[in-house]
Amino acid sequence: MAKTQLNVRVDEGTARAARERATARGISVNRYIEELVRQDAGEAGHAFVEAAADFMKRYESVFAEEFGAEREGRR
């Protein structure tokens with residue numbers, strides 16, 4: 001996979017924390033940041049799926065009433 005370079009500016013405390021956490025995990029700061037972004041993106045995706053499932057639960061009867069006969073081939 002091709003890599004793209006990003007340049008970000010953070011305060012010294014944030015930079016120090018990133019270095020310390022990366023070192024504690026035995027990985028580079030680049031890899032640490034990459035993993036954080038992937039985790040965050042995954043959590044957003046997970047939150048979307050949960051919200052969609054909740055929506056379907058709430059409105060299941062409305063969808064069944066509106067589209068149920070069509071799904072069964074009776075419309």
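Throughout, residue positions are numbered sequentially from 1 according to the sequence presented. All of these numbers come straight from a predicted model, not from anything done at the bench. Note that these values count all heavy atoms, side chains included, but never hydrogens, waters or copies made by symmetry.
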Student: For Arg31, what residues pass the side-chain hydrogen bond (donor to acceptor under 3.5 Å, both in side chains) criterion, not counting sequence neighbours?
Tutor: Glu35
Student: Mind jotting down which residue pairs meet the salt bridge (charged side-chain N to carboxylate O under 4.0 Å, His left out) criterion with at least one end in residues 1-18? Sequence neighbours excluded, please.
Tutor: Lys3-Glu34, Glu12-Arg19
Student: Do any pairs count as a salt bridge (charged side-chain N to carboxylate O under 4.0 Å, His left out) and have a residue in residues 48-62, sequence neighbours left out, and if so which ones?
Tutor: Asp54-Arg58
Student: In terms of hydrophobic clusters joined by side-chain contacts under 4.5 Å, are Phe55 and Val62 together?
Tutor: yes
Student: Hey, could you give me the OH/CZ distance between Tyr32 and Arg21, rounded to the nearest 0.5 Å?
Tutor: 5.0 Å
Student: Ile33, Leu6: one ILVMFWY side-chain cluster at the under-4.5 Å cut-off?
Tutor: no
